[in-house]
Amino acid sequence: MSEETILKVLNATKTFGGVTALSRVSFEVRQGEVLGIIGPNGSGKTTLINCITGFIKMSEGEVMYKGKKISGKSAHKIADMGITRTFQIMRPYYTLPAYKNLIIPLFAPRAKRTGGWRGGGKLGDRDTVSVDILEEIGFERDSFVPYKIASTLPTGYLKRLELARCLALKPEIILCDEVFSGLSMSEIASMVPLIERLQMDGITIVMIEHRLRELFQVANRVMVLNFGVKLVEGTPEEVMADEKVKEAYFGSQEVEEVMNYA
Amino acid sequence: MVNTEQFRRERLDRGIKIRTDGLYALMSWRELSYLTLPRLILIVGMLLLPLIVPGMYWQKVVTILCIYALLAISFDFLAHYVGLVSLGGAFFIGAGGYLAAILNSTYGFPPILTIPIATLVGAAVCTLLLLPCLPLRGVYFAIVTLMYPLVLARIIEALDILGGTDGIVGVDSFANRWVEQYAVIAMVLLALFGIRRLVNLDIGLVFRAVMDNDQAVRASGMNISYYKAIAVFIGSALGCLGGACLVHIYMWCGISLFALDFSILPIAATVIGGSGTLVGPVLGCLILVPISELLREFGTLRIVFYSLILMGFIVFRSEGLMVYGERKYHQFQRWVKV
């Protein structure tokens, strides 16, 4: 992890009609770190990701990626630059087998350019590369799982498939929108090392998460949003000690637990 | 009847499929023929069709049937592999038809040139005109594609251009009726197997992904409008090909090329044959077009019987003949003692 800034968000503001979903949120993401974004429901976390990745247009503010302005560009161009995302509500291609789901990102211009994952893509057979990626992310290679139609897969695998689809593009940054939600404790336990390994591979990760305990295991820094406003930013310990955060999460059992844990 | 207290029906998949659909382990000629025979029956059957039908009238029906089959394949491809429900059959036929007729009657190009040119240029024109509504999905896209043929027919009528209501007469015909029939049959077979190959290629998977989940495709760094445009080009090329052939068959081109039949019948054929199977729509045309001809004897009651038959198919085989047939074909069925 270096101190170099890879992604910079300046005064991000988004209003839907009269509702302000995001109000002047500014933060930086450093190269190679895991940044957690937490906050109560409706605090604008997903909107923030949608704004960064260009899926919705910001009302005000700008996003800089490696010193270049990317806000205002269309979603596919931003993804093409290496900023990929997962969706909170999983969006697999339901009619295709799991491994064929990865053919689509491997067919994308970025994957062709970067040679896909670990040297495949451009020259290698996409089917083989996609099974490799799936194995990497926790699909059992010799089982039937990678070959099953995506609509028949359980949630745990679909969450992994979301991540796999990002990895196929050889991303610089992955924005994870609640990858732990809806998973059992053991499934989460097996996802945590995966996130750590991605970080070791040099990928910068921004995670939106409600499962604070697991997030704090992997996050280097945490940012708290509430009602579209940034409350605090810092190490997990600093953030949890903050009065404003306690107020936002007032009465939440989990914060108490996490604080005791920390 | 079998006593269901002592016996139950067991359904088993045939043991030649491994891992995924479309991947087979074939161990004998028998298993090989099991896969190739249905395809051979279709190909040989289509090729024999002009020889076995009685008389020239029915041979004409076969050629028209093939035009409809092209449109039905185009509809099935766009609707069930790209997610664009297109009612633009008439639009494609009209665009291809008028282009071929103009090239032939004004510039004197022979059919061998007009058909490919009209196919490509017509598809380009259709794609350009549909470009603004590509972000639309489902029924909204359908409405816009339905609008184009109506509008174009009225424009030609009102401005009296391109022959106006009289149309363009004196278009060259094919060399003879055998060339005509085998040309369109070959095109249907090529289109059918070509599109089937296409949807399983990597780019075909992208089309299917756009249908399943266009946002996820955007998140993979791909421009969905670009891929939709390619798909519309392919789909409309099939329609324009049909239209270009049609004017050379009729030796005439007029605003009846924009008739709604060309939009509606392919959909009915797809519903009957089984959506998303590509072969199904062809099968549907093989059933619907001859039935429609046979019912001519009933005069004005024709449409009533036609509707009844359609309704029967939809109520009793709503999944489509081909889907039903495929399922039965791939499974053993036997009674076992409980």
Side-chain angles (χ1 to χ4, degrees), chain A residues 49-50 53-55 74-87 89-114 125-127 130 142-151 161-162 165-166 168-171 174-175 177, chain B residues 13 15-25 76-84 134-135 137 196-231 274-278 319 323 326-327 330:
Chain A
I49 284 201
N50 280 337
T53 51
F55 276 81
S74 49
H76 67 266
K77 286 204 178 119
I78 293 177
D80 195 57
M81 295 171 89
I83 304 175
T84 59
R85 65 169 298 179
T86 70
F87 289 93
I89 301 155
M90 287 97 54
R91 290 177 185 266
Y93 308 120
Y94 282 109
T95 55
L96 299 181
Y99 79 111
K100 290 283 185 194
N101 266 258
L102 295 189
I103 301 292
I104 287 93
L106 287 174
F107 191 74
R110 181 177 171 84
K112 285 181 187 162
R113 212 167 48 235
T114 55
D125 172 22
R126 290 200 186 90
D127 283 358
S130 68
D142 293 322
S143 71
F144 285 91
V145 189
Y147 304 97
K148 278 180 119 170
I149 303 288
S151 58
L161 196 57
E162 282 280 314
R165 217 173 46 210
C166 295
L169 288 176
K170 274 203 168 173
I174 302 181
L175 302 152
D177 199 346
Chain B
D13 278 340
I16 58 168
K17 248 186 199 179
I18 49 166
R19 279 201 166 159
T20 54
D21 280 325
L23 205 59
Y24 299 96
D76 197 28
F77 167 66
L78 284 178
H80 301 109
Y81 289 95
V82 197
L84 297 168
L134 282 186
R137 291 185 64 128
R196 235 221 335 234
R197 173 63 70 89
L198 175 82
V199 295
N200 286 313
L201 289 178
D202 286 353
I203 189 162
L205 292 175
V206 176
F207 292 152
R208 287 154 77 176
V210 168
M211 176 183 72
D212 267 3
N213 228 322
D214 51 354
Q215 294 305 307
V217 178
R218 285 176 80 201
S220 292
M222 274 184 283
N223 187 348
I224 47 176
S225 297
Y226 171 71
Y227 287 98
K228 279 183 179 175
I230 294 180
S275 46
T277 54
L278 294 175
E319 57 187 347
V323 180
E326 244 172 25
R327 205 180 59 229
H330 283 297

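These numbers were taken from a predicted model, which means no experiment stands behind them. By convention in this document, chain letters (A, B, ...) are assigned in the order of the sequence lines, proteins followed by strands, and residues within each chain are numbered from 1.
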Colleague: Quick check: do Ile104(A) and Met222(B) have side-chain heavy atoms less than 4.5 Å from each other?
Modeller: yes
Colleague: What part of Tyr227(B) gets closer than 4.5 Å to chain A, counting heavy atoms only: side chain, backbone, both or neither?
Modeller: side chain
Colleague: Could you pull out the closest heavy-atom pair between Pro105(A) and Ser220(B), with the gap in Å?
Modeller: CB-OG, 3.7 Å
Colleague: When you measure from the centre of the six-membered ring of Phe55(A), is the NZ or CZ of Arg218(B) closer than 6.0 Å and no more than 45° off the axis?
Modeller: yes
Colleague: Just to be sure I understand the criterion: a residue of residues 197-204 of chain B counts if one of its heavy atoms is under 4.5 Å from a heavy atom of chain A. Which ones qualify?
Modeller: Asp202(B), Ile203(B)
Colleague: For chain B, find which of Asp80(A), Leu96(A), Ile78(A), Asp127(A) contributes the most heavy-atom pairs closer than 4.5 angstrom.
Modeller: Leu96(A)
Colleague: Any chance you could measure Asn223(B), atom CG, to Lys77(A), atom NZ, to the nearest 0.5 Å?
Modeller: 7.5 Å
Colleague: Work out which heavy atom in Ala219(B) is nearest to a heavy atom in Ala79(A); give both atom names and the distance.
Modeller: O-CB, 3.4 Å
Colleague: Does any heavy atom of chain B fall under 4.5 Å from the side chain of Ile103(A), the backbone, both, or neither of them?
Modeller: side chain
Colleague: When you measure from the side chain of Asn213(B) to the backbone N and O of Pro92(A), does any donor-acceptor pair fall under 3.5 Å?
Modeller: yes
Colleague: Identify the heavy atoms of Val217(B) and Tyr93(A) that sit nearest to each other, and give their distance.
Modeller: N-OH, 3.4 Å
Colleague: What part of Thr53(A) lies closer than 4.5 angstrom to a heavy atom of chain B: side chain, backbone, both or neither?
Modeller: neither
